[in-house]
Amino acid sequence: LSFYLGQVSGGEDEIQQLQKALLDYLDENTETDASLVFSRKFYIAQWFRDTTMETEKAMKSQKDEDSSEGTHHAKDVETTGQIMHRAESRKMFLRSIIKTAPSQFSTLKMNSDTVDYEDACLIVRYLASMRPFAQSFDIYLTQ
């Protein structure tokens, strides 16, 4: 996982790099397991939905701050702007993946090394841990 995170270039965030690696793994193995085609489409749809929800939540929090106190800090606005920018870049990436046929996706590889099964499992676990339910699981158990 740290190897893939170490490969992150300046313009791309680490989540997008991990998504690329996982989609590349799924694409390479669709010939041996047809269910991976569904998994690939599911992940793309789920990530797009998550990005949309993140954007809506950022816009709502900014709106709530504006209406509650009438003043807001420049730092908060910058953070909201960064969230919006990151969300738009992720959406553009996912749209490009949707338009790309699975067999052509291999040209979008992040590097020459391929992801093996163990790395793919680790990436899936990491990406799943970033989801809101996984982050608030202790709260659900407490309640």
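Values below: all heavy atoms of this structure, side chains included; hydrogens, waters and symmetry mates excluded.
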Candidate pair Y25 and K20, rule side chain to side chain contact (heavy atoms under 4.5 Å, CB included), full reasoning: CA-CA 9 Å; Y25 169 79; K20 279 184 186 180; over 6 Å; no
R40/I97 under side chain to side chain contact (heavy atoms under 4.5 Å, CB included): CA gap, chis, key distance, verdict: CA-CA 10 Å; R40 186 176 182 276; I97 297 303; 3.7 Å; yes
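In this structure, D50 CG and L127 CG are separated by 10.0 Å, a value rounded to the nearest 0.5 Å. Taken to the nearest 0.5 Å, the NE2 atom of H85 stands 11.0 Å off from the CZ atom of R90.
With contacts defined as side-chain heavy-atom distances shorter than 4.5 Å, the pair L122/E118 does not qualify.
Linking ILVMFWY residues whenever their side-chain heavy atoms come closer than 4.5 Å, directly or via other members, leaves M92 and F48 in distinct clusters. Using a 4.5 Å cut-off between side-chain heavy atoms of Ile, Leu, Val, Met, Phe, Trp and Tyr, with links allowed through other members, V115 and I15 fall into the same hydrophobic cluster.
Residues satisfying the ring-ring contact (aromatic ring centres under 6.0 Å, His included) criterion with Y43, sequence neighbours excluded, are W47. Legend: residues meeting side-chain hydrogen bond (donor to acceptor under 3.5 Å, both in side chains) with S35, ordered by chain and number and at least two apart, are D33.
For the residue pair I44 and L94, the shortest heavy atom distance occurs at O-CD1, 4.2 Å. For the residue pair L18 and I123, the shortest heavy atom distance occurs at O-CG2, 3.7 Å.
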Under 3.5 Å, side-chain donor or acceptor atoms of residues 53-60 against the rest of the protein: list the pairs with distances, not counting sequence neighbours.
residue: E54; atom: OE2; partner: R86; partner atom: NH2; Å: 3.0
residue: T55; atom: OG1; partner: T51; partner atom: O; Å: 2.9

